[in-house]
Amino acid sequence: MAIRPEEISALIKQQIKSYEVQLDTAQTGTVIRVGDGIAVVHGLDNAMASELLVFPNDVYGMVLNLEQSHVGVILLGNYILIKEGDIVKRTGRILEVPVGDELIGRVVNPLGQPLDGKGPINAKTTRQVEKKASGVMSRKSVHQPLQTGIKSIDALVPIGRGQRELIIGDRQTGKTAIAIDTIINQKGQNCICVYVAIGQKESTVVDVVETLRKYDALDYSIVVSASASHPAPLLYLAPYAGVTMAEEFMYNGKDVLIIYDDLSKHAVAYRELSLLLQRPPGREAYPGDVFYLHSRLLERAAKLNDELGGGSITALPIIETQAGDISAYIPTNVISITDGQIFLQSNLFYSGIRPAINAGLSVSRVGGAAQIKAIKKVSGTLRLDLASFRELEAFSQFGSDLDSITKAKLERGQRTVEVLKQDLHETTPVEKQVCILYALTRGHLDDVSVKNVRKFEKELYRYLDKDEKALEVINEIRTTKQLPSEEKMSTLIKSFKKQLIS
């Protein structure tokens with residue numbers, strides 16, 4: 001059948017009328033320099049800070065530097081696959097990580113990808129990694145204790161929900177142990193925990209995860225790991241990813257504990273990136289904005305007011321010192337940002353006093369507001385007494401003739417040191433802490449020899465678990481948070497001592 005020319009003409013006209021031009025527009029740039037986890041890209045004039053960029057071979061990057069002629073990008077994948085001249089696309093999205101209940105019990109990298117071999121994480125929501133901290137008007141003063149289960153912390157340098165308390169000391173002095181024990185003690189306390197491992201050996205992270213699993217603490221914890229084998233960009237991103245995951249719970253009215261282990265390695269990773277991106281180095285080769293690096297992270301810890309749900313993030317950053325020098329650059333930065341510090345001393349640790357907390361240099365700026373009234377009453381002057389004992393102990397080594405008052409102070413101090421010793425992963429409920437500290441401060445331990453103090457303590461705890469009258473006192477402390485009458489407490493300790501002798 002012959003087709004007439006006018007029919008073809010009409011068909012072409014109809015096709016032209018219905019034709020729509022669809023252009024796929026995306027701003028692209030070109031890699032002009034690449035190496036060691038960073039890339040310098042030319043042509044992305046409208047790129048935003050912290051924007052996600054797409055490189056070839058499914059490698060993603062995040063904009064960190066905004067220069068006049070180019071942008072500096074940290075690469076969040078295998079940077080070996082990127083070469084000069086590669087085309088880079090903008091996504092228009094600020095970097096986000098998955099958040100929510102689906103992450104609880106999992107070990108993830110800073111991008112929220114699983115590392116534990118338990119399959120994909122099907123999180124329904126995401127949050128931007130870089131976010132402004134809550135303002136003063138949206139906060140509430142810290143007033144609820146976060147019990148660590150460690151006597152020397154709960155009594156001497158108490159931590160409140162929403163506080164930032166620095167754990168500082170030389171390497172191998174028990175900093176991580178304090179953090180892990182605090183996580184273990186949150187069992188049944190309605191508190192979600194996030195442990196961020198920055199620059200740790202992978203074997204160390206595995207040990208931490210296994211410890212948490214052993215004590216059933218992984219059931220309410222998230223582990224974010226950027227180990228020493230990861231590139232510097234992931235180490236830089238790790239604490240921000242961790243606090244972003246924590247914020248999801250805080251804004252839903254829940255309490256969260258987050259551990260940054262440790263921020264010294266975080267600062268070193270940031271210094272590495274900054275020097276590669278040719279930012280001018282300042283003091284000790286750190287860039288000028290290294291204070292802002294940690295302040296914008298730690299300021300995100302907060303206790304929200306009741307209108308916003310009353311949730312909280314309690315931050316325990318860890319800083320490693322060199323030869324006990326807390327006046328170094330990074331330690332002084334973080335000390336000035338936090339609400340107090342727990343200082344662990346090497347010589348105390350090696351002499352068998354664990355946790356090796358230096359009572360004189362450790363402080364909590366929240367103080368009694370983060371304690372229940374019972375423990376506040378029994379531990380009132382304990383920190384000052386312990387600090388003065390250390391001074392007196394050093395002084396007494398030079399003199400043999402000591403007066404009776406000095407001898408009594410030294411003996412009480414030795415018993416205090418013994419009571420505050422605690423074995424690894426053996427946390428003590430606050431009501432039991434009240435009982436042993438009452439016995440110590442009211443002189444009930446003065447007739448117990450120093451070497452038998454630990455034995456006395458263990459037997460007391462056993463007695464508190466079994467005796468009916470003792471259980472009544474324990475329940476009273478637990479429910480009212482107040483110290484029972486002097487008569488009740490004194491009778492409890494005396495009846496225990498009678499049983500112990502018999």
Side-chain angles (χ1 to χ4, degrees), residues 131-150 152-168 178-179 182-183 185-186 189-194 239 242-244 246-260 263 291 294-318 333-343 362-384 430-431 433-434 477-483:
K131 184 185 167 294
K132 196 176 174 184
S134 305
V136 175
M137 297 306 290
S138 61
R139 296 181 183 228
K140 192 178 183 180
S141 59
V142 174
H143 64 280
Q144 293 170 295
L146 182 123
Q147 305 292 353
T148 64
I150 301 166
S152 50
I153 294 177
D154 291 342
L156 305 178
V157 277
I159 299 168
R161 298 195 176 199
Q163 189 177 344
R164 299 153 301 179
E165 184 80 5
L166 172 64
I167 302 171
I168 185 166
I178 284 178
T182 306
I183 292 176
N185 199 57
Q186 300 316 303
Q189 304 284 335
N190 197 22
C191 182
I192 292 158
C193 302
V194 181
V243 77
T244 303
E247 277 179 335
E248 174 68 13
F249 299 111
M250 178 178 76
Y251 285 111
N252 285 321
K254 295 176 182 175
D255 292 316
V256 190
L257 167 69
I258 184 163
I259 315 285
Y260 303 112
L263 291 187
F291 181 89
H294 289 151
S295 65
R296 76 178 191 268
L297 170 71
L298 293 169
E299 286 295 333
R300 289 165 77 171
K303 170 68 180 170
L304 296 180
N305 61 30
D306 294 337
E307 287 79 40
L308 291 170
S312 72
I313 292 177
T314 308
L316 297 183
I318 295 174
N333 272 356
V334 183
I335 284 170
S336 64
I337 297 163
T338 50
D339 308 312
Q341 70 273 353
I342 297 164
F343 180 59
S362 300
V363 64
S364 170
R365 296 189 188 101
V366 173
Q371 283 178 310
I372 64 168
K373 286 186 178 174
I375 203 162
K376 199 191 223 177
K377 274 191 177 179
V378 296
S379 66
T381 59
L382 204 59
R383 196 170 71 86
L384 291 174
V430 70
E431 49 273 13
Q433 290 184 33
V434 170
I477 298 169
R478 193 182 289 132
T479 52
T480 65
K481 314 293 183 193
Q482 302 279 355
L483 185 69

Item checked: Test log, rule side-chain hydrogen bond (donor to acceptor under 3.5 Å, both in side chains), inputs S364 and Q163 -> CA-CA 9 Å; S364 170; Q163 189 177 344; 3.2 Å; yes

Margin query: Main chain of F343, side chain of S362: is a donor-acceptor contact present, judged purely on distance under 3.5 Å?
Written below: yes

Next item on the list: Would you check if the side chain of K303 reaches a backbone N or O of G311 as a donor-acceptor pair within less than 3.5 Å?
Entry: no

Note to self: Closer than 3.5 angstrom, by distance alone: can the side chain of N185 be matched with the main-chain N or O of I150 as a donor-acceptor pair?
What the structure shows: no

Next item on the list: Could you tell me which non-hydrogen atom of T338 sits nearest to which non-hydrogen atom of P317, and how far apart they are?
Entry: CG2-CG, 3.9 Å

Notebook entry, point to check: What do the steps show when you test R300 against T244 for side-chain hydrogen bond (donor to acceptor under 3.5 Å, both in side chains), and what is the final call?
Noted result: CA-CA 9 Å; R300 289 165 77 171; T244 303; 3.2 Å; yes

Next item on the list: Carefully, step by step, assess T148 and I178 under the rule side chain to side chain contact (heavy atoms under 4.5 Å, CB included).
Entry: CA-CA 8 Å; T148 64; I178 284 178; over 6 Å; no

Notebook entry, point to check: N305 side chain to M137 main-chain N or O, any donor-acceptor pair under 3.5 Å?
Noted result: yes

Note to self: Do V157 and E165 make a side-chain contact, defined as non-hydrogen atoms from C-beta onward lying under 4.5 Å apart?
What the structure shows: yes

Next item on the list: Quick one: closest heavy-atom pair of T314 and G162, and the distance?
Entry: OG1-N, 2.9 Å

Margin query: Going by side-chain contact (heavy atoms from CB on, under 4.5 Å), name the residues that satisfy it together with R139, two or more places apart in sequence or in a different chain.
Written below: A133, S134, E299, A302

Enumerate, atom names and distances included, each donor-acceptor pair closer than 3.5 Å involving a side-chain atom of residues 370-378, sequence neighbours excluded.
unit_1, atom_1, unit_2, atom_2, d
Q371, NE2, D154, O, 2.9
Q371, NE2, A155, O, 3.3

Next item on the list: Provide the closest heavy-atom pair for V194 versus G242 in the form atom of the first, atom of the second, distance.
Entry: CG1-O, 4.0 Å

